[in-house]
Amino acid sequence: MTSSDRSQAVDVQEPKSYEIRTYGCQMNVHDSERLSGLLEEAGYVPAPKGGEGADVVVFNTCAVRENADNRLYGNLGQLAPKKAARPGMQIAVGGCLAQKDRDTIVKKAPWVDVVFGTHNIGKLPVLLERARVQEEAQVEIAESLEAFPSTLPTRRESAYAAWVSISVGCNNTCTFCIVPALRGKEKDRRPGDILAEVEALVAEGVSEITLLGQNVNAYGSDIGDREAFSKLLRACGSIEGLERVRFTSPHPRDFTDDVIAAMAETPNVMHQLHMPLQSGSDRVLKAMRRSYRQERFLGIIDKVRAAMPDAAISTDIIVGFPGETEEDFEQTLHTVRESRFAQAFTFQYSKRPGTPAADMEGQIPKAVVQERYERLVALQEEISWEENKKQVGRTLEVLVAEGEGRKDDATRRLSGRAPDSRLVHFTRPEEPVRPGDVVTVEVTYAAPHHLLAEGPAKAVRRTRAGDAWEKRNAAPAEKPKGVLLGLPTIGAPAPGPAPAAGCGCD
């Protein structure tokens with residue numbers, strides 16, 4: 001046999017594919033970008049959509065809802081026969097539910113290979129490899145975060161917009177929320193590290209960033225600087241090429257006048273604010289351990305509107321918190337009418353296992369919660385529509401998005417976000433337009449949840465962000481890079497014993 005024959009006889013192993021299923025908040029979405037980056041640096045490739053299935057399926061879970069565990073185990077149960085029929089397939093469970101139910105996941109679903117928590121997402125490739133070699137489940141939950149996850153590789157979902165974490169964890173003790181117990185106390189990144197990441201993203205073509213934290217405007221509590229967040233916003237304003245800056249989610253307790261001033265005075269900080277209300281009743285807010293009252297909340301809204309009359313404000317509201325009376329609910333409706341939210345994310349209260357509210361007296365019957373919820377939604381729909389109608393006739397710069405308009409193909413329209421984050425569907429311009437480009441349009445119609453621009457575009461601006469999107473989608477898939485940050489490639493020798501939980505190995 002010649003050397004050429006021998007080379008042709010070598011069995012080239014195809015890289016293993018992965019799929020990540022994400023549940024919950026923006027923090028989980030961003031964590032999944034990190035998990036994707038970790039897996040690809042370790043030699044995995046994304047599973048093709050509509051294919052036969054992935055070699056590795058990762059569940060990035062949320063523990064906020066009462067039935068979150070039922071949903072997880074139902075999905076795991078559906079995968080059990082697929083795994084049995086597919087030798088080598090692996091299943092991993094991470095995120096908040098894994099942090100909470102670390103001891104029960106493998107007992108209830110023994111076909112799971114890896115369980116990891118919110119503090120050690122960086123260990124996923126190592127744990128998958130160890131489970132493969134040792135042929136037994138690996139459960140590793142760290143109790144605290146000692147290295148910020150932004151040091152990990154990331155596969156961003158978007159070429160033109162990016163999340164940038166400025167903190168993790170939360171120091172609040174809201175009685176309905178389990179996040180502090182699962183993500184720990186707040187840890188802030190250094191401003192220089194945040195700005196360096198933003199500058200690197202802009203250099204890659206990103207034109208919009210969203211600063212992310214469980215309580216984003218409490219940033220600076222580690223160093224005792226109450227104005228650290230407003231200073232960070234202003235610093236983002238000096239980064240050339242960064243067109244839009246957003247942030248989520250703030251807390252009314254920590255929302256100070258210097259932040260409002262920074263928003264109003266920094267040109268690339270958008271006049272869009274998500275300010276969670278949760279309830280308009282002072283009595284319920286106290287039971288929730290929300291450290292503000294209705295008057296304080298409405299005062300913030302008034303100050304924001306005085307500084308930025310065009311600001312679009314959205315919120316979160318919980319209906320049916322334990323002990324909520326009809327009078328309490330009427331106070332919520334009053335606050336909604338006064339606030340004139342552009343959008344509200346409304347939730348029916350459900351027990352979060354492990355939270356104080358789950359054991360409170362006065363749990364509201366489901367029928368009562370449902371009826372109140374429907375009244376709130378109807379009111380907010382009316383307000384959203386009225387506020388959107390005010391946009392008719394306005395000329396807006398729309399950042400063209402990818403996948404925002406589900407009916408775009410059928411209507412021959414494109415979709416994108418206005419500076420205040422309102423969704424705009426617009427007539428496709430004659431010249432080519434890419435996600436990340438900016439199109440100037442005039443609003444001709446308003447619905448409760450979107451705006452419509454039916455006339456021809458007034459202008460099209462091709463951007464570096466559009467170039468980045470085009471480059472990403474035109475380039476062939478890169479060959480996996482192998483080892484980074486000590487991560488094992490697929491099939492590498494088994495790593496040594498796992499360090500003890502809480503050692504900060506992430």
- Task: Start with the C-alpha distance between Leu39 and Leu128, add both sets of side-chain angles, then the distance that settles side-chain contact (heavy atoms from CB on, under 4.5 Å), and finish with yes or no.
- Result: CA-CA 10 Å; Leu39 291 171; Leu128 286 168; 3.8 Å; yes
Would you kindly say whether [X] and [Y] are connected by a side-chain donor-acceptor distance under 3.5 Å?
X: Glu33; Y: Trp163; answer: no
X: Glu186; Y: Ser221; answer: yes
X: Tyr18; Y: Glu40; answer: yes
X: His334; Y: Gln331; answer: no
X: Asp31; Y: Asn60; answer: no
X: His274; Y: Asp316; answer: yes

Check: [X] side chain, [Y] main-chain N or O, donor-acceptor pair, under 3.5 Å:
X: Thr175; Y: Ala287; result: yes
X: Asn120; Y: Gly117; result: yes
X: Asn388; Y: Ala447; result: yes
X: Arg86; Y: Gly53; result: yes
X: Gln99; Y: Thr118; result: yes
X: Tyr292; Y: Leu277; result: yes
X: Arg372; Y: Val319; result: no
X: Glu381; Y: Val377; result: no
X: Asp55; Y: Gln90; result: no
X: Gln138; Y: Glu136; result: yes

When rounded to the nearest 0.5 angstrom, what is the spacing between [atom1] in [X] and [atom2] in [Y]?
X: Arg293; Y: Lys286; atom1: CZ; atom2: NZ; value: 7.0 Å
X: Leu273; Y: Ser314; atom1: CG; atom2: OG; value: 7.0 Å
X: Arg290; Y: Arg296; atom1: CZ; atom2: CZ; value: 12.0 Å
X: Lys187; Y: Asn171; atom1: NZ; atom2: CG; value: 10.5 Å
X: Thr61; Y: Ile105; atom1: OG1; atom2: CD1; value: 6.5 Å
X: Gln294; Y: Ser279; atom1: CD; atom2: OG; value: 9.0 Å

Identify the two heavy atoms, one from [X] and one from [Y], that lie closest to each other, and give their separation to 0.1 Å.
X: Ala358; Y: Lys351; result: O-CE, 3.6 Å
X: Ala228; Y: Gly220; result: CB-CA, 3.7 Å
X: Met275; Y: Pro252; result: SD-CG, 3.6 Å
X: Ser158; Y: Arg472; result: O-NH2, 3.5 Å
X: Asn268; Y: Glu243; result: CB-O, 3.4 Å
X: Cys236; Y: Leu242; result: O-CD2, 3.7 Å

Does the side chain of [Y] come within less than 4.5 Å of [X]'s, by heavy atoms?
X: Thr325; Y: Asp328; value: yes
X: Asp420; Y: His271; value: no
X: Val164; Y: Arg189; value: yes
X: Leu127; Y: Arg130; value: yes
X: Lys108; Y: Leu76; value: no
X: Lys100; Y: Leu97; value: yes
X: Tyr349; Y: Val369; value: no
X: Arg352; Y: Cys177; value: no

For [X], does the [atom1] atom sit with more than 12 other heavy atoms under 6.0 Å from it, leaving out its own atoms?
X: Arg190; atom1: CZ; result: no
X: Arg340; atom1: CZ; result: yes
X: Glu326; atom1: CD; result: yes

- Item | Derivation and outcome, salt bridge (charged side-chain N to carboxylate O under 4.0 Å, His left out), residues Arg337 and Glu382 | CA-CA 10 Å; Arg337 293 188 189 98; Glu382 178 184 336; over 6 Å; no
- Salt-bridge criterion met for Asp113 and Arg132 (N-O under 4.0 Å):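 No, no charged N to carboxylate O under 4.0 Å.
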- Item | Partners meeting salt bridge (charged side-chain N to carboxylate O under 4.0 Å, His left out) with Arg417 (sequence neighbours left out) |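 Partners of Arg417 by the salt bridge (charged side-chain N to carboxylate O under 4.0 Å, His left out) criterion, ordered by chain and then number, come out as Glu404.
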- Quick one: list whatever passes salt bridge (charged side-chain N to carboxylate O under 4.0 Å, His left out) with Asp282, sequence neighbours left out.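 Salt bridge (charged side-chain N to carboxylate O under 4.0 Å, His left out) check on Asp282 returns nothing, list empty.
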- CA sep, side-chain torsions, deciding dist, call: Ser165, Glu197, side-chain contact (heavy atoms from CB on, under 4.5 Å): CA-CA 10 Å; Ser165 290; Glu197 182 179 355; over 6 Å; no
- Starting from the C-alpha separation in whole Å, work towards a yes-or-no answer on side-chain contact (heavy atoms from CB on, under 4.5 Å) for Phe176 and Met360. CA-CA 10 Å; Phe176 57 82; Met360 285 183 176; over 6 Å; no
- Query: Please walk me through it: do Lys16 and Glu129 pass salt bridge (charged side-chain N to carboxylate O under 4.0 Å, His left out)?
  - Reply: CA-CA 12 Å; Lys16 290 183 179 293; Glu129 186 65 9; over 6 Å; no
- Let me see the working for Ser207 and Arg244 under side-chain contact (heavy atoms from CB on, under 4.5 Å), right down to the final yes or no. CA-CA 6 Å; Ser207 62; Arg244 297 185 175 188; over 6 Å; no
- Query: Should the pair Phe59 and Tyr23 be assigned to parallel (<30°), tilted (30 to 60°) or perpendicular (>60°) ring geometry?
  - Reply: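 Correct class here is parallel.
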- Contacts of type side chain to side chain contact (heavy atoms under 4.5 Å, CB included), residue Ala80, not counting sequence neighbours: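 For Ala80, the residues satisfying side chain to side chain contact (heavy atoms under 4.5 Å, CB included) (neighbours in sequence not counted) are Trp111.
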- State yes or no: are the ring centers of Phe247 and Phe229 separated by less than 6.0 Å?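 Ring centres of Phe229 and Phe247 closer than 6.0 Å.
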